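The structure under discussion appears below in the form of structure tokens.
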2 protein chains.
Amino acid sequence: MDIVEISKVLSNKTRVNILKWLKNPEANFPSHQDIDHFDDGVCVGYIQDKTGLSQSTISTYLNSMQNADLVIPTRHGKWTYYKRNEQVIKAYVESLKHDL
Amino acid sequence: MDIVEISKVLSNKTRVNILKWLKNPEANFPSHQDIDHFDDGVCVGYIQDKTGLSQSTISTYLNSMQNADLVIPTRHGKWTYYKRNEQVIKAYVESLKHDL
DNA sequence: AAAACATATCTATATATTTAGATATATAAA
DNA sequence: TTTATATATCTAAATATATAGATATGTTTT
């Protein structure tokens, strides 16, 4: 739980948006083709489409978010799904509340 | 209350430390020469000494923190005192709690 | 009014972040 | 087992941030 590292992730509008969108995938993304739920989050392609940024940029963003433990990736066939790590997000906010 | 702008401030260890130190000036800084309280916060020089960074760097940091509304400056003679803006800090944490 | 002091701003350099194109890798489909 | 698809990594260029020295500004003191 590194406040500085997580704050770096949050210091970019697109990454903040991704986290917000993943809070409610049904409302923000199309359904997946292979599975009928969002239990493991949303695939990279959908996130890329929604942001309008390049595939490599989004992959890099998701990687930085994963390094900060803010999201959890799950591989399903050729897709990688990303979901929020609610525990860490909650711990970060609590940490700010107490320490900051 | 701009989440991205505030997160940028918090994405640097020194700036986070400054905010933490200002939470309890009595414990973290020497007494001021001209006044016997910390009601308006701490002067730039003391903050600079504590960080060990250059005067211009600290001035730039404090300016960015002020632009993000995280601190409030007050001029007392030739000194500028900086104190936390508790309202904005609280609003930011609440905002993360609800929106993030 | 001059000198001294605290802080802010300017200028410049080093490092980091942003972003995308090209390429590599992993999996699925034909 | 070749081809197509999804994602990750590499490379590079543009922009932003970090940092300090030099200079400017505002205030106090002499």
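Being a predicted model, the structure only gives us computed values, none of them experimental. Proteins come first, then strands; the chains are lettered A, B, ... in the order of their sequence lines, and each starts at number 1.
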Side-chain donor or acceptor of A:Gln55 under 3.5 Å from a matching atom on the base of D:dA8? yes
Using whole Å, what does the distance between atom C1' of nucleotide C:dA3 and atom NZ of B:Lys78 come to? 11 Å
What nucleic acid atoms does A:Tyr82 come within less than 4.0 Å of, heavy atoms only: base, sugar-phosphate, or nothing? sugar-phosphate
Minimum-distance nucleotide to A:Trp79 side chain [options: C:dA8, D:dG26, D:dA6]: D:dA6
Scan side-chain atoms only and decide if A:His76 and A:Asp34 contain a donor-acceptor pair under the 3.5 Å cut-off. no
Look at the rings of A:Phe29 and A:Tyr46 and say which category their plane angle falls in: under 30° parallel, 30 to 60° tilted, over 60° perpendicular. parallel
Using a strict heavy-atom distance below 4.0 Å, which residues from residues 25-49 of chain A are in contact with DNA chain C? none
Tell me whether the side-chain N/O atoms of B:Asn12 come closer than 4.0 Å to OP1 or OP2 in D:dA18. yes
Show every salt bridge (charged side-chain N to carboxylate O under 4.0 Å, His left out) that has at least one partner inside residues 12-33 of chain A, sequence neighbours left out. none
If you measure only the distance, is there a donor-acceptor pair under 3.5 Å linking the side chains of A:Thr60 and A:Thr57? no
Does atom CD of B:Gln87 have more than 12 heavy-atom neighbours from other groups under 6.0 Å away? no
In whole Å, I'd like the distance from the CG atom of B:Leu62 to the P atom of C:dT9. 12 Å
What contact category does B:Ile58 fall into here, base, sugar-phosphate, or nothing, at under 4.0 angstrom with non-hydrogen atoms? nothing
Does OP1 or OP2 of C:dA6 have a side-chain N or O of B:Arg75 closer than 4.0 Å? no
If we count only N and O atoms by modelled type, under 3.5 Å, do the side chains of B:Ser7 and B:Tyr92 hold a donor and an acceptor together? yes
How close or far is atom C1' of C:dA8 from atom CG of B:Asn67, stated in whole angstroms? 13 Å
Base, sugar-phosphate, or nothing for B:Ser56, non-hydrogen atoms under 4.0 angstrom? base
Judged by nearest nucleotide, the residue sitting upstream toward the 5' end of DNA chain C, A:Arg15 or B:Thr80, is B:Thr80
Nearest-Å distance for atom pair CE/C1', residues B:Met65 and D:dA18: 15 Å
Integer-rounded Å distance: D:dA18 C1' and B:Asn63 CG: 15 Å
Between A:Lys8 and C:dT17, is there a side-chain N or O to OP1/OP2 distance below 4.0 Å? yes
Would you mind telling me which residue lines up with the more 5' stretch of DNA chain C, A:His76 or A:Leu53, judged by nearest nucleotide? A:Leu53
Does B:Thr57 get its side chain close enough to the base of D:dA18, under 3.5 Å, for a donor-acceptor pair? no
Considering only Ile, Leu, Val, Met, Phe, Trp and Tyr, and joining two whenever side-chain heavy atoms are under 4.5 Å apart, list the other residues clustered with A:Trp79. A:Ile35, A:Tyr81
